[in-house]
Amino acid sequence: MTEKIIPNKERLKSIEDNFKAINERIANAAAAANRNVQDVRLMAVTKTVESVYINHAIGLGANLIGENRVQEYLGKKDELMLDGVERHLIGHLQTNKVKQIVGEVDMIESVDSVKLAKEISRVSAIKGLTTNILVEVNVGKEASKSGIYAEELEELLIEISQMENIKIKGLMTIPPICESQAEAGRYFEAMHRAFADIKDKRLPNIDMDILSMGMSGDFEEAVKHGSNIVRVGSAIFGARKYF
Ligand SMILES: *Cc1c(COP(=O)(O)O)cnc(C)c1O
């Protein structure tokens with residue numbers, strides 16, 4: 001992925017059109033939900049996307065990018081124009097990769113166990129920094145997905161909140177694949193409720209500021225249900241090719 005590639009002009013143009021269209025659709029969804037469009041951030045999900053196209057999106061105004069894999073991100077980051085761009089890790093993180101990613105991203109959205117949080121805390125302390133995290137919730141209770149169940153959420157949050165050098169900023173979820181946006185909406189609604197419940201409790205050292213949910217196929221529905229980061233990949237960059 002590091003070899004120089006000649007950007008495809010048509011693809012650059014379609015990224016431009018897509019980026020603009022997605023922003024408009026977010027604005028419309030926010031307006032329809034009586035929400036302020038400034039309260040919803042668009043994350044450009046850049047997994048499998050070559051650096052030249054990511055940089056193009058950054059040039060268009062993308063100021064938040066999400067990567068899934070530690071190795072892929074570390075391989076690409078030196079080619080990216082990251083000035084003023086926030087970087088989040090959104091993919092499942094193995095404990096043995098924590099050392100490599102802490103300090104390289106602004107947030108880890110996919111924390112789903114005490115063990116992982118402990119390792120992030122430990123490595124962050126060694127590096128002398130605090131790592132912002134979201135806790136990933138498996139809202140559809142799917143065996144194939146990571147994330148914790150909503151019933152375990154409060155206990156896990158409280159346990160993590162007592163660790164040093166790690167700061168909880170909110171929640172992230174990937175709902176089950178749904179037939180329609182309306183069906184996804186039921187999961188988003190449940191997530192929003194869990195998020196609001198925790199927020200209302202004002203637990204010490206737990207910020208419930210960020211609710212990260214909604215992807216290419218359902219971000220409008222997520223905005224309707226309180227999402228403030230929508231993570232959009234293929235609708236910006238086109239269908240993914242896996243290497
Ligand atoms: C790939 C991915 C996305 C974006 O998916 P699209 O359907 O391409 O928009 C969002 N969140 C996570 C965690 C992902 O892995």
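We count residues from 1, following the sequence as given. Just so you know, ligand 1 is whichever comes first in the structure, and atom 1 is the first atom listed for that ligand.
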Query raised in the report: Does ligand 1 have an atom that lies less than 4.0 angstrom from a heavy atom of Arg240?
Result: yes
**Report entry** NZ/NE/NH1/NH2 to OD/OE distance under 4.0 Å, Lys224 and Glu221
**Finding:** yes
Query - Test: Glu151 and Lys141 ion pair at under 4.0 Å - result: yes
Report summary line: Numbered in order shown, the ligand 1 atoms found under 4.0 Å of a heavy atom of Ser216 are 6 (P), 7 (O), 8 (O), 9 (O)
Query - Part of Asn68 within contact of ligand 1 (heavy atoms, under 4.0 Å) - result: side chain
Query raised in the report: So among Val137, Val230, Thr173, which one has a side chain to side chain contact (heavy atoms under 4.5 Å, CB included) with Met213?
Result: Thr173
Report task. Establish, yes or no, whether the cationic atom of Arg87 lies under 6.0 Å from the six-membered ring centre of Tyr73 and within 45° of the ring axis. Result -> no
Report summary line: Any heavy atom of Lys47 under 4.0 Å from ligand 1? The part involved is side chain
Report task. Using a strict 4.0 Å cut-off to heavy atoms of Val232, name the atoms of ligand 1 that fall inside it. Result -> 9 (O)
Report task. Establish, from distance only, whether the side-chain atoms of Thr46 and Glu67 form a donor-acceptor pair under 3.5 Å. Result -> yes
Query raised in the report: Between Ser161 and Leu157, is a side chain to side chain contact (heavy atoms under 4.5 Å, CB included) present by the stated rule, with each step listed?
Result: CA-CA 6 Å; Ser161 73; Leu157 288 169; 6.0 Å; no
Requested in this report: Output the list of atoms in ligand 1 that are nearer than 4.0 Å to some heavy atom of Ile174, sorted by atom number.
Outcome: 13 (C)
Report task. Could you tell me whether some N/O pair between Gly233 and ligand 1 is separated by less than 3.5 angstrom? Result -> yes
Query raised in the report: What atoms of ligand 1 come within less than 4.0 Å of a heavy atom belonging to Ser234?
Result: 6 (P), 7 (O), 8 (O), 9 (O)
Requested in this report: State whether a side-chain donor-acceptor pair under 3.5 Å links Glu109 with Ser212.
Outcome: yes
Requested in this report: Run down the list Arg231, His92, Met213 and name the one with the heavy atom closest to atom 11 (N) of ligand 1.
Outcome: Arg231
